[in-house]
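Right, one structure below, let's go through it.
These numbers come from the heavy atoms of this one structure, side chains and all, not from hydrogens, waters or symmetry mates. Chain letters run A, B, ... following the sequence lines, proteins first, then strands; residues in each count from 1.
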Protein chains: 2
Amino acid sequence: MPNIDEIAKICKVSKTTVSRVLNNHPYVSEEKRKKILDVIKELDYSPNSLARHLRTNKTRTIAISIPSIDHPFFSQLTKGISNQAFDQGYKVLIYQTFYKKEIELETINLLKNKEIDGVILCSLENEWSTLEPYLAYGPILLCNEYHESAPIPIICYDEFKATYIAVKHLIQRGHTNIGFCFDTFYSQAQAERMKGFSLALKEENLLVHTEWIFDRAFDIKDGFNIFKKLDGMAEKPTAIFTGSDQVAAGIIKEAISRNYHVPKDLAVIGFDNQLICQVTTPTITSIGIPIFELGRKSVQKILENIQHDENIEREVIQLPFELIIREST
Amino acid sequence: MPNIDEIAKICKVSKTTVSRVLNNHPYVSEEKRKKILDVIKELDYSPNSLARHLRTNKTRTIAISIPSIDHPFFSQLTKGISNQAFDQGYKVLIYQTFYKKEIELETINLLKNKEIDGVILCSLENEWSTLEPYLAYGPILLCNEYHESAPIPIICYDEFKATYIAVKHLIQRGHTNIGFCFDTFYSQAQAERMKGFSLALKEENLLVHTEWIFDRAFDIKDGFNIFKKLDGMAEKPTAIFTGSDQVAAGIIKEAISRNYHVPKDLAVIGFDNQLICQVTTPTITSIGIPIFELGRKSVQKILENIQHDENIEREVIQLPFELIIREST
DNA sequence: GTGAAAGCGCTAACAC
DNA sequence: GTGTTAGCGCTTTCAC
């Protein structure tokens, strides 16, 4: 692979001039520009990005951290992010935390050693106070998560209200014994959901039964297990907020095979409005989230910051959601 | 952010010594090593990766190209790849081609401008002859695709045989009118499937009905549409090989709602054995593929090559698959 | 319009 | 065991 010196030598110009052509700077005579372009093509020369990045102190790369890519929600979010980044000429490094603090730290540390220009956190494993010092090294953005005080852009939707509305819907259907699933304790977004759930019940003077609350509810298999636990209880809920279409699908399938009628014996509401809602029997009532938009908006925001070198500031952008009623409630 | 010179200055040593400590080289006195480590910690110093990469001509980064991340197969494959890479201290850049040649080229071009140490192609959009020249710049590996002559490692499974067995299974169930779905014309892996399908039919003196062959079959919605087309035909197949669990789920759901009995009126076989096979009614017969393993093995292979700087050579590694019979056939 | 020279931050050959 | 020096390949200031 030739380098810029070689091109310069062959063209009998300085490497400055070659660099000017490479970067579309003005003030290069048409003649030389043409010659240089020709030689570049002939030698199949491509500038070394590493050297450029070192020199300019920019990498045109961002990193994202997600719990795990093989979850429909996060794979769609990643699609949105990756798409938008690509369109803007940015590369995306993907980090799966599997809910581990250290991997999140490793991701954010890329800022410090200059491997990326910014990072989008799609979940939050560490205390914000642990992460905040890294702001000195580059922009951090929260997507699909929430923190009440972090001085950074937060692209999310109102998890509190979405859950509130979902649970109200169950109550309107006549249910008073309602269960609740979530994934981890540490997420503030999940805490918001819990608040929405509690308020909806409280307003109707209904009680939160702690034994009907299930954590680590993530995929279809978790749905199977949750139903089994449920079915073994003396007193059972007649409706359940699952927080996930996959969990809903698992619960429904298991319920149906044990001859439950859904929604009569057990009403189930999903979350995210994935396509899977449309192929189960019965189909799944869910909350529709603009997932791609969440991703796109996040990239847009962080690139504004990177490109204009603005100070990152707190800004909470909530995207709309909607209740989509199907057969499972 | 301090740099290596600053650390050296404070410690009253040369930057070589600091570099030695940074890279765990021997021959540094315990005393100096300790001092240097202390100062590094105190100043919260982190070496600039870009400079290191430029100097060493290695990035510890690989890129993968996939058609689209929001497809369960590819998100699981990405998980396997990303996991293994992370464990080995490598970063992963993700490129979605959306079946476009140019994006695949852009991915592979990262080799040329030194941004990555190797690339794993999980689909193939360009002619191999277009891609082959890039081998001069670094290792390329094919995962989940096939090419009959490319001189590179190919990590795959026997798509021909898997399809053959799936179709034979349908025939054993008494079907003689069998449809076929696939995603794109250009994939050799898909061509292998078509061969397996054809052979299975041919061996039983059955005909391939071209009107029962559907391309662009990728997700649940495609399944809906394929069923609608099918249902509108004068002569209909009684069984269909879908090549995808999502497509199978879509076809089944649509069939059920039009009062078809699955598998009596229409038998449906999926592919990949995703969890979705277990939540539809009826559940979906499928071909199980070791997806994570496919990803892990690919990374293992390409890192062997990167780290030992071996010549890349043709090697076809086929992983096992299995037929998993459920209710839809 | 163009080029010389400095330098981004690091590693590694070599000398001592 | 340690330091000096060169240089990875580029961009950018400054002078002409």
Side-chain angles (χ1 to χ4, degrees), chain A residues 1-37 39-40 43-61 109-117 137-138 309, chain B residues 1-37 39-40 43-61 109-117 137-138 309:
Chain A
M1 193 72 198
N3 62 19
I4 197 172
D5 280 310
E6 193 167 336
I7 304 293
K9 214 163 139 192
I10 295 176
C11 296
K12 295 191 174 60
V13 297
S14 73
K15 54 182 182 174
T16 309
T17 305
V18 178
S19 176
R20 287 203 179 95
V21 171
L22 249 26
N23 294 287
N24 289 314
H25 284 185
Y27 308 126
V28 178
S29 72
E30 235 0 272
E31 183 195 6
K32 293 200 172 159
R33 164 165 270 124
K34 198 149 223 161
K35 171 75 176 165
I36 290 169
L37 253 16
V39 172
I40 284 175
L43 293 199
D44 199 25
Y45 164 74
S46 190
N48 181 316
S49 298
L50 259 25
R52 287 183 136 171
H53 294 163
L54 174 62
R55 187 56 232 241
T56 57
N57 205 18
K58 291 257 173 266
T59 62
R60 296 191 82 82
T61 305
N109 195 58
L110 295 168
L111 280 177
K112 195 167 157 189
N113 55 32
K114 302 283 189 184
E115 300 205 58
I116 56 173
D117 296 341
Y137 308 117
D309 217 14
Chain B
M1 192 71 197
N3 63 17
I4 197 171
D5 279 311
E6 193 168 335
I7 304 293
K9 215 163 138 193
I10 295 176
C11 297
K12 295 190 174 60
V13 297
S14 74
K15 55 182 183 175
T16 307
T17 305
V18 179
S19 176
R20 287 201 180 98
V21 171
L22 249 25
N23 294 287
N24 288 314
H25 285 185
Y27 308 127
V28 178
S29 72
E30 236 359 271
E31 183 195 5
K32 293 200 172 160
R33 163 166 271 123
K34 200 149 223 160
K35 170 76 177 163
I36 290 168
L37 252 17
V39 172
I40 283 176
L43 293 199
D44 199 27
Y45 164 75
S46 189
N48 181 316
S49 298
L50 259 24
R52 285 181 137 173
H53 295 162
L54 174 62
R55 186 57 233 241
T56 57
N57 204 19
K58 291 257 174 266
T59 61
R60 295 190 82 82
T61 305
N109 195 58
L110 295 168
L111 281 176
K112 196 167 158 188
N113 55 31
K114 302 283 189 184
E115 300 205 58
I116 55 173
D117 296 342
Y137 308 116
D309 217 14

Taking only side-chain nitrogens and oxygens of A:Tyr45, does any of them come within less than 4.0 Å of OP1 or OP2 of D:dC10?
yes

Quick one: the side chain of B:Arg20 and the base of D:dG3, do they pair up donor-acceptor inside 3.5 Å?
yes

Distance (rounded to the nearest 0.5 Å) between B:Lys12 NZ and B:Thr17 OG1:
14.5 Å

Quick check: on DNA chain C, is the nucleotide nearest B:Val18 upstream (toward 5') of the one nearest A:Lys12, or the reverse? Name the residue that is more 5'.
A:Lys12

Nearest-0.5 Å distance that lies between atom CG in B:Asn109 and atom CD1 in B:Ile116
9.0 Å

If each of B:Thr56 and B:Glu30 is mapped to the nucleotide of DNA chain D with the nearest heavy atom, which maps nearer the 5' terminus, i.e. the 5' end?
B:Glu30

Does C:dT11 have OP1 or OP2 sitting under 4.0 Å from an N or O in the side chain of B:Asn23?
yes

Give A:Thr16 one of three labels, base, sugar-phosphate or nothing, depending on what nucleic acid heavy atoms sit under 4.0 Å from its own.
base

Considering only side-chain heavy atoms of A:Asn48, which listed nucleotide, D:dG3, D:dG9, C:dG3, is closest?
D:dG9

Grab the NZ-C1' distance between A:Lys112 and C:dG9 for me, whole Å please.
16 Å

May I have the distance from A:Asp5 (atom CG) to D:dC10 (atom P), rounded to whole angstrom?
8 Å

Considering every strand and a 4.0 Å limit on heavy-atom distances, what is the contact class for A:Asn57: base, sugar-phosphate, or nothing?
nothing

So, for B:Lys114 and B:Thr59, which heavy atoms are closest and what is the spacing to 0.1 Å?
O-CG2, 3.3 Å

Output the distance between atom CD1 (B:Ile40) and atom CG (B:Leu22), rounded to the nearest 0.5 Å.
5.0 Å

Separation of C:dG9 atom P from B:Glu6 atom CD, nearest Å, is 10 Å

For a quick test of reading the model: is some side-chain N or O of A:Lys32 closer than 4.0 Å to OP1 or OP2 of C:dT2?
yes

Can you tell me how far the NZ atom of B:Lys35 sits from the CD1 atom of B:Ile7, to the nearest 0.5 Å?
10.5 Å

Please round to the nearest 0.5 Å and tell me the distance separating atom OG of A:Ser46 and atom CG of B:Asn113.
4.5 Å

I need the CG-C1' distance between B:Leu54 and D:dG9, as an integer number of Å.
6 Å

Judged by nearest nucleotide, the residue sitting upstream toward the 5' end of DNA chain D, A:Ser19 or B:Ala51, is B:Ala51

A:Thr17 side chain near C:dG3 phosphate (N/O to OP1/OP2, under 4.0 Å)
yes

Rounded to the Å, how far apart are B:Arg52 CZ and C:dC10 P?
8 Å

So what does B:Lys15 touch, heavy atoms closer than 4.0 Å: a base, only the sugar-phosphate, or nothing?
base

Less than 4.0 angstrom between a side-chain N/O of B:Asn3 and OP1 or OP2 of C:dG9, yes or no?
yes

Rounded to the Å, how far apart are A:Lys35 NZ and C:dT2 P?
15 Å

Figure out the NZ/C1' separation between B:Lys114 and C:dC10, and round it to whole Å.
17 Å

Length of the line joining A:Met1:CE and D:dC8:P, which is rounded to integer Å:
15 Å

